[in-house]
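In this chain, residues are counted from 1 in sequence order. Atom set for the values below is all heavy atoms of this structure, side chains included, hydrogens, waters and symmetry mates excluded.
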Amino acid sequence: MGATGGAAVPVRFGVRLVQKVSATRVFARAAPHLVPALDRAVHRLTRGKVLLSARMLPGVLLTSTGARSGLPRRTPLACMPEPDGGWVLIGSNFGRPGHPAWTANLLKHPDAEISWRGRDVPVRAVPLTGPERDAAWRAVLAFWPPYAAYQSRVTREIRLFRLVRR
């Protein structure tokens, strides 16, 4: 575990390369189209046991209620597990200008569900602000440094949510 309270990403062969690639603008343009589709397909084929992107970062499949539609929305997301059993979600949108839609969903409907390691977990999303957000952001950057590149490319503050079990 890192000194900031977040779990440390194991340093494996290729992690640094993936961090460098994931911080690029090319990745930011391609990843939003490729990563979620691949994650959903692999998650479905493995009956909820595998998220492809989780091979580098821990991930969840978030099921939230659409802010405008009211319909269930399933979104594969990287997350930062916390020592107390919760998770932090990072609304980076790969460093693209707008907030990702799932963040608006959680702001309007904070009760959601995640699939975590093949288990469905009911959660409540708490938007982080002020000093609590600042501390979580430091932990997020220690956990996965490319988030700093994402923030540097946008004028909006990247939204952070803490997921707590319901």
Using the rule that two of Ile, Leu, Val, Met, Phe, Trp, Tyr join whenever any of their side-chain heavy atoms come within less than 4.5 Å, decide whether Trp144 and Leu141 are in one cluster. yes
For a 4.5 angstrom cut-off between non-hydrogen side-chain atoms, does Leu163 reach Ile114? yes
Transitively linked via ILVMFWY side-chain contacts under 4.5 Å: Val88 with Val126? no
For residues 123-132, pull every pair meeting side chain to side chain donor-acceptor pair (under 3.5 Å), keeping only residues two or more places apart or in separate chains. Asp111-Arg124, Glu132-Arg162
Arg166 side chain vs Ala112 backbone, donor-acceptor pair below 3.5 Å: yes
Is any side-chain heavy atom of Ile158 closer than 4.5 Å to a side-chain heavy atom of Tyr150? yes
Could you tell me which residues satisfy ring pair (Phe, Tyr, Trp, His ring centres under 6.0 Å) with Trp116, sequence neighbours excluded, listed by chain and number? Trp87
What's the shortest heavy-atom distance between Phe161 and Ala125, and which atoms? CD2-CB, 4.0 Å
Any sub-3.5 Å donor-acceptor pair from Asn93's side-chain atoms to Gly95's backbone N or O? no
Residue set satisfying side-chain hydrogen bond (donor to acceptor under 3.5 Å, both in side chains) with Ser69, at least two apart, ordered chain then number -> Arg73
Side chain to side chain contact (heavy atoms under 4.5 Å, CB included) for Val121 and Arg165? Distances and angles first, verdict last. CA-CA 7 Å; Val121 181; Arg165 294 172 191 260; 3.7 Å; yes
Can you list, pair by pair, the side-chain donor-acceptor contacts under 3.5 Å of residues 101-108, counting residues two or more places apart and other chains?
unit_1, atom_1, unit_2, atom_2, d
Thr103, OG1, Pro100, O, 2.7
Thr103, OG1, Arg159, NH1, 2.8
Asn105, OD1, Ala67, N, 2.9
Asn105, ND2, Ser64, OG, 3.4
Lys108, NZ, Ala67, O, 3.1

Might you point out which heavy atoms bring Ser115 and Asp120 nearest each other, and give the distance in Å? CB-OD1, 3.8 Å
Exercise: identify the closest heavy-atom pair between Thr65 and Gly70: CG2-O, 3.5 Å
Please enumerate all residues that pass side-chain hydrogen bond (donor to acceptor under 3.5 Å, both in side chains) together with Arg156, with sequence neighbours excluded. His99
Going from CG on Asp134 to CG on Leu160, what distance comes out if it is rounded to the nearest 0.5 angstrom? 9.5 Å
What I'd like to find out is whether the side chain of Leu61 reaches to under 4.5 Å of the side chain of Thr75, using heavy atoms alone. no
Might you point out which heavy atoms bring Trp137 and Gln151 nearest each other, and give the distance in Å? CZ2-CB, 3.8 Å
Taking Val60's backbone N and O only, do any of them form a donor-acceptor pair with Arg117's side chain (distance below 3.5 Å, no angle check)? no
Taking the side chain as everything from C-beta on, heavy atoms only, tell me whether Arg153 gets closer than 4.5 Å to Arg96. no
Please tell me if the side chains of Pro81 and Phe143 come closer than 4.5 Å, counting only heavy atoms from C-beta onward. yes
